[in-house]
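Below, all heavy atoms of this structure are taken into account, side chains as well, without hydrogens, waters or symmetry copies.
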Number of protein chains: 2
Amino acid sequence: MIDLRFPTALQIVLGIQIAEEDGVRCTSQKLADSLGVNASFVRKLLVPLSRDGIVAASQGKGGGVRLARKPETITLRDIYLTVTDEKKLWVARSDVPCQCVASANIVQFFERLAGEAEGLVLQMLANRTVADSVSEIRKLEMARLSGYVVSRTARNG
Amino acid sequence: MIDLRFPTALQIVLGIQIAEEDGVRCTSQKLADSLGVNASFVRKLLVPLSRDGIVAASQGKGGGVRLARKPETITLRDIYLTVTDEKKLWVARSDVPCQCVASANIVQFFERLAGEAEGLVLQMLANRTVADSVSEIRKLEMARLSGYVVSRTARNG
DNA sequence: TTGAATGCAATAGTCATGGATACATTACGG
DNA sequence: CCGTAATGTATCCATGACTATTGCATTCAA
């Protein structure tokens with residue numbers, strides 16, 4: 001199984017913020033529909049997001065999900081770490097016999113390498129907030145709309 | 001299942017070079033033993049490595065595996081790409097309904113993000129050659145040895 | 001009180017990956 | 001030539017992380 005937790009969680013959080021800006025109440029069912037997944041899966045991802053203070057859910061009729069903090073203060077790194085839960089980007093073999101001199105050192109070497117890779121990725125994610133991302137998505141929307149107009153004009157002209 | 005192909009392939013390639021430097025003939029069985037894995041798995045990984053001109057295997061009695069190029073010309077990026085075979089670091093959900101305006105753009109946004117992350121990691125891997133890595137492992141070995149001496153001295157003194 | 005929502009547990013399904021085995025092929029060396 | 005030792009390759013099974021589904025308890029506003 002391919003791990004879809006990060007992309008899904010990201011879509012959830014961004015969707016919550018977009019709904020907020022559009023003045024629409026957001027429920028796990030609506031999120032699930034927009035993602036094409038089960039509402040239970042959405043709620044499963046909401047557990048760690050809620051625990052870490054990224055989203056806040058209110059129960060009962062008229063309830064729903066909203067961001068627990070300002071979107072400017074939530075980075076994609078927060079979401080990633082919350083949802084993937086200790087899972088490393090790469091993991092070294094754990095059961096190498098280490099009979100020859102090299103084996104043990106190769107393992108250590110790889111762990112350093114994996115740590116460096118993960119650090120790079122996390123830093124990249126830390127530089128992007130939910131607010132940034134949503135505004136970037138809005139820009140994509142604009143570009144898409146104008147792209148449609150252009151191509152239609154081109155086709156008609 | 002955790003994907004261990006890259007760490008395993010890396011240990012294979014580095015092990016081949018280390019054996020070469022030490023004047024030892026390297027076979028898939030020896031590699032498998034030193035990794036604690038099945039020889040079949042080693043050979044499975046050797047297929048793409050051989051196809052892409054990273055290692056070269058000679059059949060028959062007295063045969064074995066060696067590097068197909070100078071270790072200075074093989075980067076860890078080469079090994080990674082060869083072995084993981086089109087598998088992305090992150091993959092977006094493929095089946096989002098895209099009914100609302102945001103969905104399609106979020107997917108595109110995530111694909112860009114994933115591409116950027118993968119680019120960072122690949123660039124980091126491209127900056128390290130097999131020769132670099134082996135010499136770094138040699139240094140780790142030195143450090144480990146001197147570390148042992150220090151701790152033994154400390155315990156005795 | 002009722003309906004709409006989250007919270008949560010249990011269970012089954014999926015599927016990429018690793019492990020194991022067998023056997024064909026190749027090539028060296030006597 | 002023939003035996004040995006190695007790669008090349010195919011097949012099948014085991015494993016385990018992740019997804020999907022269902023059901024039900026809980027909460028809370030109207």
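B/D85 places its CG atom 13 Å from the C1' atom of C/dT17, with the value rounded to the nearest Å. Remark: P of C/dT14 and CG of A/L4 are 16 Å apart, rounded to the nearest angstrom. The nearest whole Å value for the distance from the NZ atom in B/K61 to the C1' atom in C/dT25 is 17 Å. At whole-Å resolution of the value, CZ in A/F6 and C1' in D/dT19 are 19 Å apart. As rounded to whole Å, 17 Å separates atom C1' of D/dT7 from atom CZ of B/R51. Rounded to whole Å, the distance from CD on A/Q11 to P on D/dT19 is 13 Å. To the nearest angstrom, P of C/dG3 lies 18 Å from CD of A/Q29.
Distance from the side chain of A/N38 is smallest for D/dT22 among the nucleotides D/dT22, C/dG18, D/dG8. For A/S28, counting side-chain heavy atoms from C-beta on, the closest listed nucleotide (C/dC28, C/dT6, D/dG8) is C/dT6. Set against C/dG19, C/dG3, D/dC18, the side chain of A/M1 has D/dC18 as its closest nucleotide. Comparing C/dG3, D/dT7, D/dA5 by their nearest atom to the side chain of B/A57 picks out D/dT7.
Taking side-chain N and O atoms only, A/T27 has no distance below 4.0 Å to OP1 or OP2 of C/dA5. Between B/R25 and D/dA6 there is a side-chain N or O to OP1 or OP2 distance below 4.0 Å. B/K87 has a side-chain polar atom (N or O) that falls below the 4.0 Å cut-off from OP1 or OP2 of C/dT17.
Place A/R43 and A/T8 on DNA chain D by their nearest nucleotides, and A/T8 ends up nearer the 5' end. Along DNA chain D, the nucleotide nearest to A/A39 and the one nearest to B/I2 differ in position, and the one closer to the 5' end is contacted by B/I2. Heavy-atom nearest nucleotides on DNA chain C were determined for B/G60 and for A/Q59, and the one closer to the 5' end corresponds to A/Q59.
Within 3.5 Å, a donor on the side chain of A/S40 pairs with an acceptor on the base of D/dT22, or the reverse. Not a single donor-acceptor contact under 3.5 angstrom links the side-chain atoms of A/K44 to the base of C/dG7.
For CZ of A/R112, the number of neighbouring non-hydrogen atoms (other residues, nucleotides, ligands) closer than 6.0 Å is 12 at most. The neighbour count for B/Q108 CD, taken as heavy atoms of other residues, nucleotides or ligands under 6.0 Å away, is above 12. Remark: B/R66 CZ is loosely packed, at most 12 non-hydrogen atoms of other residues, nucleotides or ligands lying under 6.0 Å away.
When heavy atoms are screened at a 4.0 angstrom cut-off, A/R93 is found touching the sugar-phosphate backbone but no base atom. Within the 4.0 angstrom heavy-atom criterion, only backbone atoms of the sugar-phosphate kind lie near B/D3; the bases stay farther away.
Using a 30° and 60° split on the angle between ring planes, B/W90 and A/Y80 fall in the tilted class, from 30° to 60°.
Annotation for B/K87 and B/E118: closest pair O-OE2, 4.3 Å, computed over non-hydrogen atoms.
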